[in-house]
Amino acid sequence: ALCHKNGAVFILDEMITGFRWHIGGAQSYYGIQPDLSTFGKALGNGFAVSALVGREEIMRLGGLHHNKARVFLLSLTHGAENPALAAALEVMRIYEEKPVIETIWALGARLRDGITEVIRSCALGKYFKVIGKPCCLTYTTFDLSEKPSQEFRTLFLQEMIRQGIIPPSFVISYAHTNAEVDRTIEAVDHALKIYAKALQQGVENYLVGRSVKPVFRRYN
């Protein structure tokens, strides 16, 4: 309503939430109707494909069947790429026939609960938090002064990698099972025990190499 009151088009970026929060995306989960939406990632299950969808009267403005200026550019560098479209069709079929959404929410809840218990057992509730929806979990890291810390994030990643898991986040896939979830919880238990030691003895004594940097920063 605020967008329309000010003459703006209401656009939702569903690149992450699409086919994960709900089969109809976050817009269905929250019960809102955008003018335009973008989808990707889960749409092709790893294949390079994305979609811009929305109200017909807006979508037509970018089409060929009118004499007005087209208001947005559709670049077709990979316009003849058919395998990705075939993959997207198959992915959508599987979503319609299999309990994909229900499964990733259930597995995500199992993972969240397991990690939460590890955090409690390591007495790290103030320093490491698992956040987000069960279907799309991530985590935050804090130093001894309870300030966000890239150094401790690096330490956690380092120790998880040593356990054979690379976790920039804890995003569940339909291909995962209880076995992968439980294996991840075990790795988190190992990593957080090191994390707890580093809080007391200094993170610099446990880090190997440079710290990771925030995505949005002045220099890369």
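What you see is a predicted model; the values in this text were computed from it and never measured. We count residues from 1, following the sequence as given.
A donor-acceptor pair under 3.5 Å links the side-chain atoms of Asp143 to the main chain of Ser145, judged by distance alone. Put simply, the side chain of His190 never gets that close to the backbone of Ala187: no donor and acceptor are under 3.5 Å apart. Panel note: side chain Asp35, backbone Phe10; a donor-acceptor pair is recorded below 3.5 Å. Looking only at distances, a side-chain donor or acceptor of Glu180 sits under 3.5 Å from a matching main-chain atom of Thr177. Remark: the backbone N or O of Arg55 is not paired with any side-chain donor or acceptor of Arg60 at under 3.5 angstrom. A donor-acceptor pair is defined here as one N or O able to donate and one able to accept, closer than 3.5 Å; such a pair exists between the side chain of Thr141 and the backbone of Ser149. Judged by distance alone, with hydrogens and angles left aside, the side-chain atoms of Glu14 form a donor-acceptor pair with the main-chain N or O of Gln27 at under 3.5 Å. Proximity of a side-chain donor or acceptor of Trp105 to a complementary backbone N or O of Arg20 within less than 3.5 Å is detected.
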Apply side-chain contact (heavy atoms from CB on, under 4.5 Å) to the pair Leu12 and Thr17, showing each step before the final yes or no.
CA-CA 10 Å; Leu12 286 184; Thr17 57; over 6 Å; no
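Under a 4.0 Å N-O distance rule, the pair Arg93/Glu90 qualifies as a salt bridge.
The six-membered or imidazole ring of Tyr195 lies away from that of Tyr127, with a centre-to-centre distance of 6.0 Å or more. Between Phe142 and Phe152, a ring centre-to-centre spacing not shorter than 6.0 Å is recorded.
Looking only at atom types and distance, the side chain of Tyr206 has a donor-acceptor partner in the side chain of Gln201 under 3.5 Å away. Side-chain atoms of Glu151 and Thr154 form no donor-acceptor pair, as typed in the model, at a separation below 3.5 Å.
In terms of heavy atoms, Val212 sits closest to Gln150 at CG2-OE1, 3.3 Å.
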